[in-house]
Protein chains: 2
Amino acid sequence: MPQFLSTTDADFEQRFSAVLAAKREDSPDVDDVVSGIIADVRARGDVAVLELTAKFDRMQIDADQIRLSDAEIDAEIAKVSDEEQHALELAAERIRAYHTRQMPSDEMWTDPDGATLGWRWTPVSAAGLYVPGGLASYPSSVLMNAVPAKVAGVERLAMVVPTPDGIINPLVMMAARVAGVDEVYRIGGAQAVAALAYGTETIAPVDKITGPGNAFVAAAKRRVFGKVGIDMIAGPSEILVIADGDNDADWIALDLMSQAEHDESAQSLLITTDAAFGQAVADAVTVRLETLERREIAGASWRDFGAIITVRDLDEAARLCDRIAPEHLELCVADPEALSDKITHAGAIFLGQWTPEAIGDYVGGPNHVLPTARSARFSSGLSVLDFLKRTTLAKMSPEALRAIGPAAEVLATSESLEAHGLSVTARLRKLNG
Amino acid sequence: MPQFLSTTDADFEQRFSAVLAAKREDSPDVDDVVSGIIADVRARGDVAVLELTAKFDRMQIDADQIRLSDAEIDAEIAKVSDEEQHALELAAERIRAYHTRQMPSDEMWTDPDGATLGWRWTPVSAAGLYVPGGLASYPSSVLMNAVPAKVAGVERLAMVVPTPDGIINPLVMMAARVAGVDEVYRIGGAQAVAALAYGTETIAPVDKITGPGNAFVAAAKRRVFGKVGIDMIAGPSEILVIADGDNDADWIALDLMSQAEHDESAQSLLITTDAAFGQAVADAVTVRLETLERREIAGASWRDFGAIITVRDLDEAARLCDRIAPEHLELCVADPEALSDKITHAGAIFLGQWTPEAIGDYVGGPNHVLPTARSARFSSGLSVLDFLKRTTLAKMSPEALRAIGPAAEVLATSESLEAHGLSVTARLRKLNG
């Protein structure tokens with residue numbers, strides 16, 4: 001059973017803090033191993049990648065097999081049912097439509113001093129997408145990473161996906177095709193991250209790497225950061241549902257379980273204004289856990305990290321929510337917009353009872369790569385901005401330099417940066433002389 | 001003397017690659033020391049901070065002296081000349097005007113399926129600003145970090161600045177006041193970063209930490225990343241000037257020296273279509289290096305990392321520029337806008353001969369915190385976006401769920417995430433009677 005808390009309990013603050021602080025991630029220290037793998041791939045390129053793939057994925061392949069041919073991809077895609085293809089295409093289309101609206105615009109203006117200022121956005125030239133193999137190989141994640149990259153204008157999008165024992169997920173190939181991925185490599189682990197960051201004989205280096213992965217992949221991404229850009233390092237998934245008593249307990253139970261089934265370290269929280277409803281949800285979860293395919297994972301997550309918190313009113317719910325800063329937030333209340341306005345920190349908000357979080361995982365349109373572990377306090381989900389960068393622009397007219405140059409001279413002098421000041425002084429002398 | 005290269009040289013590619021790959025940073029491995037300091041501050045709070053401050057900054061203070069009082073700040077500010085105050089105020093006003101234009105807008109729309117989608121931006125609640133003490137204590141950096149934070153709407157902005165031997169920089173205090181910094185603490189190093197990230201008895205924790213620092217500060221920021229957000233870890237400064245022969249060699253020499261004087265590891269590069277002009281600039285640098293106050297630093301940077309590259313034409317210059325992805329780029333050519341359009345990777349572009357890079361350091365308006373070490377390929381300078389985060393919003397109408405829910409069910413099934421699918425199925429069942 002999950003924990004039951006109430007803000008009227010004497011020990012609420014203590015227990016709520018414990019829920020917030022729950023150490024859910026067991027991150028094994030794989031940094032030394034990963035550091036060795038990266039050095040090996042930098043030194044020996046394809047040869048190292050092939051050896052590591054033989055070792056970890058039990059696959060003997062040659063360098064010219066690292067990249068999947070179009071024919072191979074076609075053969076995999078042929079295995080996908082029409083129903084699944086259409087679902088992927090609908091998802092891609094909706095994700096594309098949403099992310100296209102995120103495209104920022106370039107600006108340029110001339111201010112009253114005569115200074116022309118602005119910025120422009122340009123795409124990252126080449127991006128790499130890591131896709132896990134095996135159980136966590138999700139075609140939806142391919143769409144959520146690849147579509148924004150292509151919307152941003154990334155010219156070259158290279159995907160790596162391990163295929164342990166040679167097993168390829170046809171839906172992942174279909175998602176890559178639908179999203180416009182340019183190159184697919186059947187490698188994974190830290191060696192794949194190193195190959196994307198530094199390049200090998202067969203894989204040209206990229207500028208940015210995104211996508212989820214295990215502890216080795218996460219450690220490799222941290223290590224290559226700086227050489228290339230990376231997206232966030234995601235932790236286990238989380239959901240907070242805020243619900244009043246006027247909801248179907250089974251729907252809410254399923255929403256909570258749809259996070260819990262991801263991972264034993266996932267966290268599902270319910271805040272409700274109605275203690276009896278909270279109990280009804282707990283009962284509904286118990287019933288669902290009898291039959292769910294992934295009941296062992298979901299049950300462990302719910303038992304170890306789940307909590308049902310009864311609050312006095314929705315204002316209190318909003319305040320607790322901001323302390324949780326949840327990755328996913330469902331507002332199943334009569335006026336979800338009004339409650340949403342009271343909340344500052346959340347990765348994604350799902351408004352009203354007809355918006356289960358699972359819609360956001362697949363077909364809603366917004367990205368499902370979202371900040372975990374309270375990082376919604378300071379970071380955002382994946383977007384086209386992750387595949388763009390901004391160059392600032394400035395052009396002084398002689399008049400503008402005359403107007404604002406003297407202040408730059410003063411500040412340069414006060415910072416003891418003489419050449420900075422002189423670069424302005426020399427120009428002003430010409431202007432004034 | 002710097003290196004002279006020409007794209008017509010047989011060994012150009014090799015030598016240019018060497019310029020690109022020059023290892024300029026000597027980052028001492030201070031990670032173990034920093035890890036110990038952070039653990040100590042987490043465990044012992046103010047007591048640890050005070051002991052470390054006594055040790056590193058040679059200052060015996062009490063916990064109630066960690067924060068500067070308004071009266072102390074007033075006393076420091078009183079030492080600033082009117083001229084310097086006005087220069088700081090002009091700079092702050094121009095930085096504020098530029099960054100205000102960066103504020104993104106919230107969006108919300110309903111698509112043809114009846115799904116209401118959008119996003120909204122909210123500020124980080126509390127931010128910490130690291131300001132170095134001693135030689136690298138730059139009031140302009142205070143403005144460049146603090147003004148965007150305040151424009152973004154950060155409610156609580158806490159600044160830490162070490163004051164070794166008790167020496168305070170009055171201009172830094174004035175800049176903090178002008179920019180609207182809320183709290184100032186006289187501590188520095190890894191202990192200050194730890195205090196901001198985890199909080200102590202006297203310093204409440206923040207959500208995001210920005211600002212430059214030495215190797216200890218950089219290592220501490222890397223370590224607390226995840227617990228809080230951080231800005232980029234900046235490397236030594238760089239400038240690339242692309243100039244035709246129709247320029248004043250002394251101006252360009254001063255622009256190159258204004259990066260070189262920052263740091264012996266800084267890099268100043270000139271690409272020119274006119275070899276004779278390149279030689280004239282080299283000669284002008286030699287003359288300036290006889291008298292510049294920071295000639296030892298600037299001279300070492302120029303000697304070790306400077307280069308003058310002659311190209312056949314400006315198209316070639318643009319291609320080389322994209323390989324350099326410079327932090328600062330000056331385009332001193334007849335049509336700087338046309339050349340700018342050919343360039344993809346640069347942190348900030350300064351257009352035309354009346355726009356020395358130093359204008360951008362102080363009063364231009366755009367931020368001077370910019371991506372170094374070729375990271376302009378995938379990242380941007382500091383902006384209001386660094387102090388905002390985006391929450392995505394989604395609301396399905398029953399009709400929208402009916403339209404797109406089935407695709408979510410299909411994808412959930414294909415990913416073996418049963419509860420995801422059931423959370424949609426249960427609702428569709430109700431809808432469909």
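Because the structure is a prediction, the values reported are computed rather than measured. Labels below follow one simple rule: chain letters A, B, ... track the order of the sequence lines, proteins then strands, and each chain is numbered from 1.
- Of the charged side-chain nitrogens involved, none lies within less than 4.0 Å of a carboxylate oxygen, so that B:Lys430 and A:Asp248 do not count as a salt-bridged pair.
- For the residue pair A:His262 and B:His420, the shortest heavy atom distance occurs at NE2-NE2, 3.1 Å.
- Classified by interplanar angle (parallel below 30°, tilted 30° to 60°, perpendicular above 60°), the ring pair A:Tyr98/B:Trp109 is tilted.
- If you take OG1 on A:Thr116 and CG on B:Leu351, they are separated by 8.5 Å, rounding to the nearest 0.5 Å.
- A:Ser340 is listed as a side-chain neighbour of B:Arg120, based on a closest heavy-atom distance under 4.5 Å.
- A 4.5 Å side-chain heavy-atom check between A:Arg427 and B:Asp255 finds at least one atom pair inside the cut-off.
- With sequence neighbours excluded, the residues that form a side-chain contact (heavy atoms from CB on, under 4.5 Å) with B:Pro406 are B:Glu409, B:Leu428.
- Both the backbone and the side chain of B:Ser380 come within less than 4.5 Å of a heavy atom of chain A.
- Looking at A:Leu329, there are no atoms closer than 4.5 Å to chain B (heavy atoms on both sides), in backbone or side chain.
- Every residue meeting the side chain to side chain donor-acceptor pair (under 3.5 Å) condition with B:Ser140, not counting sequence neighbours, appears here in chain and number order: A:Glu415.
- Between B:Trp354 and A:Leu431 the shortest side-chain heavy-atom distance falls below 4.5 Å.
- Only the side chain of A:Asp113 comes within contact range of chain B, with heavy atoms under 4.5 Å apart.
- Note on B:Leu88, B:Thr413, B:Asn367, B:Leu117: by heavy-atom pairs under 4.5 Å with chain A, the leading option is B:Leu117.
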